[in-house]
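Shown next, in structure tokens, is the structure this report addresses.
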Amino acid sequence: MELLTTLWLGTPAWSWLVFLAIVVVLLAFDLGVLNKKDHVIGVKESLKLSALYIAAGLLFGLWVWHEFGSEKGMHFYTGFLIEKSLSLDNIFVISLIFATLAIPPLYQHRVLFWGIMGVIITRGIMIGAGTALVESYYWTLYIFGAFLVFTGIKMFFVDSDSGDIRESRVLSWLKRHMRITPELHGNHFLVRQPDPARPGKTLLWATPLFLALCMVEITDVVFAVDSVPAIFAITSDPFIVYTSNIFAVLGLRALYFALAAMVARFHYLKYSLAAVLVFIGSKIFLGDFVFGGKVPAELSLAVTGLLLASGILYSLWKTRKDPPAVAG
């Protein structure tokens with residue numbers, strides 16, 4: 001019992017175990033029950049699966065609110081909201097990856113599901129490193145804040161063109177340094193194939209499905225460079241930062257199949273996201289040099305929610321007559 005109450009990164013170990021247990025149960029239910037067999041996930045199923053993950057995240061936020069107080073509860077919801085919104089561009093890039101590598105819808109969920117495992121690890125490493133930096137050198141928060149303000153201003157004036165994935169240097173590097181089969185082998189990421197140089201011998205080859213998984217993981221790391229500092233600007237509590245990140249990513253990956261075909265309709269959301277990044281980045285300086293303390297958590301949540309809701313509603317209204325896009 002004493003071990004469970006031991007603080008780990010400032011939070012009792014039992015709280016981390018509760019979070020991990022919920023994530024394991026959700027993923028086991030997803031893969032072992034809902035998606036035991038590979039199948040094409042339609043919009044309706046995608047929305048239901050996403051609703052499950054979102055409900056789990058919202059309920060976990062209520063638990064955080066109850067156990068750790070209203071301020072941390074609002075920090076969780078703010079981080080959850082920011083991460084979910086910033087990841088919309090991630091969905092567009094993932095759809096380009098699937099289209100470029102010719103990954104059929106039948107196997108896309110498999111790539112996204114196992115991609116979650118990588119996200120849990122990589123986000124943990126990034127957040128752990130960020131926590132260590134902030135605790136040892138508080139001034140790094142000002143660097144995070146300045147970076148967010150710069151990124152937000154850049155988003156206002158620079159068109160965020162994701163480019164052609166086929167011209168990606170990362171993709172080219174992976175193809176040069178991996179043995180990749182020219183075709184898919186069902187839902188397998190790795191297969192054994194004959195060694196061209198040694199008759200009778202076999203080698204382990206990666207399939208295009210594994211290549212897609214690698215690209216999805218690398219893409220997530222790139223997008224986390226924006227989203228992780230944004231949540232650190234809200235709170236430096238590693239438990240809140242990590243759990244809000246993971247719950248947001250879980251729900252968004254589930255929502256991919258419903259959003260991939262209509263992500264272009266959220267084109268004007270980038271201006272709201274830019275405003276959110278500028279606000280969150282400025283909040284660090286405002287709290288320390290203007291208010292003489294932290295900007296109230298309820299104000300952060302209210303402003304963030306208002307900006308994002310405005311961007312979503314304006315985007316949907318502005319593109320209401322646009323023809324529906326076809327998912328990759």
Side-chain angles (χ1 to χ4, degrees), residues 7-11 13 15-17 19-20 22-24 26-27 53 57 60-61 64 72 75-91 93-94 97 111-152 154-155 168 170 173-174 213-253 273 276-277 280-281 283-284 300 304:
L7 293 182
W8 193 66
L9 295 178
T11 303
S15 301
W16 289 98
L17 291 176
F19 162 70
L20 291 174
I22 293 172
V23 171
V24 168
L26 285 172
L27 293 178
Y53 281 117
F60 186 82
V64 169
K72 287 196 175 183
H75 284 163
F76 175 88
Y77 285 127
T78 306
F80 181 79
L81 189 60
I82 290 173
E83 173 61 33
K84 215 161 195 49
S85 303
L86 288 174
S87 295
L88 282 175
D89 277 347
N90 200 348
I91 283 183
V93 175
I94 289 173
I97 291 171
V111 174
L112 294 176
F113 177 88
W114 289 108
I116 289 294
M117 302 303 178
V119 169
I120 291 173
I121 296 171
T122 55
R123 292 294 174 99
I125 294 172
M126 295 179 72
I127 290 168
T131 300
L133 276 175
V134 172
E135 288 183 350
S136 301
Y137 309 101
Y138 180 81
W139 52 264
T140 55
L141 272 180
Y142 300 134
I143 296 177
F144 286 166
F147 173 73
L148 293 174
V149 172
F150 170 77
T151 303
K154 184 179 177 182
M155 283 179 68
S168 166
V170 174
W173 187 90
L174 290 174
L213 178 61
C214 291
M215 288 296 294
V216 167
E217 293 293 352
I218 293 169
T219 297
D220 180 78
V221 171
V222 172
F223 279 92
V225 172
D226 283 342
S227 61
V228 170
I231 300 180
F232 267 112
I234 297 293
T235 176
S236 57
D237 184 330
F239 182 75
I240 301 300
V241 174
Y242 186 63
T243 55
S244 62
N245 249 258
I246 298 303
F247 272 114
V249 173
L250 284 173
L252 200 72
R253 293 290 172 90
L273 292 175
V276 167
L277 290 178
I280 296 299
K283 192 172 75 71
I284 297 174
S300 296
T304 301

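As the structure is a prediction and not an experimental result, all values here were calculated from the model.
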Residues pairing under salt bridge (Lys or Arg N to Asp or Glu O under 4.0 Å) where one sits in residues 238-247, two or more places apart or in two chains, turn out to be none
In short, Val64 meets Ile240 closest at the heavy-atom pair CG1-CD1, 3.7 Å
Interatomic distance, CG@Leu250 vs CD1@Ile22, rounded to 0.5 Å, equals 11.0 Å
Exercise for the section: Determine, step by step, whether Ile94 and Leu112 satisfy the side-chain contact (heavy atoms from CB on, under 4.5 Å) criterion, reporting the C-alpha distance in whole Å, the side-chain angles of both residues, the deciding distance to 0.1 Å, and the verdict. Expected result: CA-CA 9 Å; Ile94 289 173; Leu112 294 176; 3.9 Å; yes
Nearest heavy-atom contact between Leu174 and Cys214 is CD1-CB, 4.0 Å
Sorted by chain and residue number, the salt bridge (charged side-chain N to carboxylate O under 4.0 Å, His left out) partners of Lys72 (sequence neighbours excluded) come out as Asp237
| Glu217 versus Val119: any side-chain heavy-atom pair under 4.5 Å? | yes
Salt bridge (Lys or Arg N to Asp or Glu O under 4.0 Å) pairs touching residues 115-134, sequence neighbours excluded, are Glu83-Arg123, Arg123-Asp220
OG1 (Thr122) and CD1 (Ile127) are apart, to the nearest 0.5 Å, by 9.0 Å
Rounding to 0.5 Å, atoms OG1 (Thr243) and CZ (Phe60) come to a distance of 4.5 Å
For Phe80, the ring-ring contact (aromatic ring centres under 6.0 Å, His included) test, sequence neighbours excluded, returns none
Sequence neighbours excluded, the answer for side chain to side chain contact (heavy atoms under 4.5 Å, CB included) partners of Val134 is Thr140, Leu141, Phe144, Phe232, Ser236
Sorted by chain and residue number, the side chain to side chain contact (heavy atoms under 4.5 Å, CB included) partners of Leu81 (sequence neighbours excluded) come out as Thr304, Leu308
Taken in chain and number order and not counting sequence neighbours, the residues that satisfy ring-ring contact (aromatic ring centres under 6.0 Å, His included) with Tyr53 are none
When rounded to the nearest 0.5 Å, the distance separating CE of Met126 from CG of Asn245 is 9.0 Å
Margin query: Would you say that Val241 contacts Ile234 through its side chain, given a criterion of any heavy-atom pair below 4.5 Å between the two side chains?
Written below: no
By side chain to side chain contact (heavy atoms under 4.5 Å, CB included), Ala233 pairs with (sequence neighbours left out) Leu148, Ile280, Ile284
ask   = Below 4.5 Å, heavy atoms only, C-beta onward: do Leu27 and Met117 meet side chain to side chain?
value = yes
Could you check Tyr137 against Ile143 for side-chain contact (heavy atoms from CB on, under 4.5 Å), going step by step and ending with a plain yes or no?
CA-CA 11 Å; Tyr137 309 101; Ile143 296 177; over 6 Å; no
Exactly one of Thr78, Ile231, Thr235 clears side chain to side chain contact (heavy atoms under 4.5 Å, CB included) with Ser244, and that residue is Ile231
Residues passing the ring-ring contact (aromatic ring centres under 6.0 Å, His included) test with Phe150, sequence neighbours excluded, are none
- Indicate the ring-plane relationship of Phe19 and Tyr242, choosing parallel, tilted or perpendicular according to the 30° and 60° boundaries. perpendicular
Q. Where the side chain of Ser15 meets the backbone of Thr11, is there a donor-acceptor pair that is under 3.5 Å apart?
A. no
Sorted by chain and number, sequence neighbours left out, ring-ring contact (aromatic ring centres under 6.0 Å, His included) with Phe147 holds for none
Nearest heavy-atom approach of Leu277 to Gly152 is CB-CA, 4.0 Å
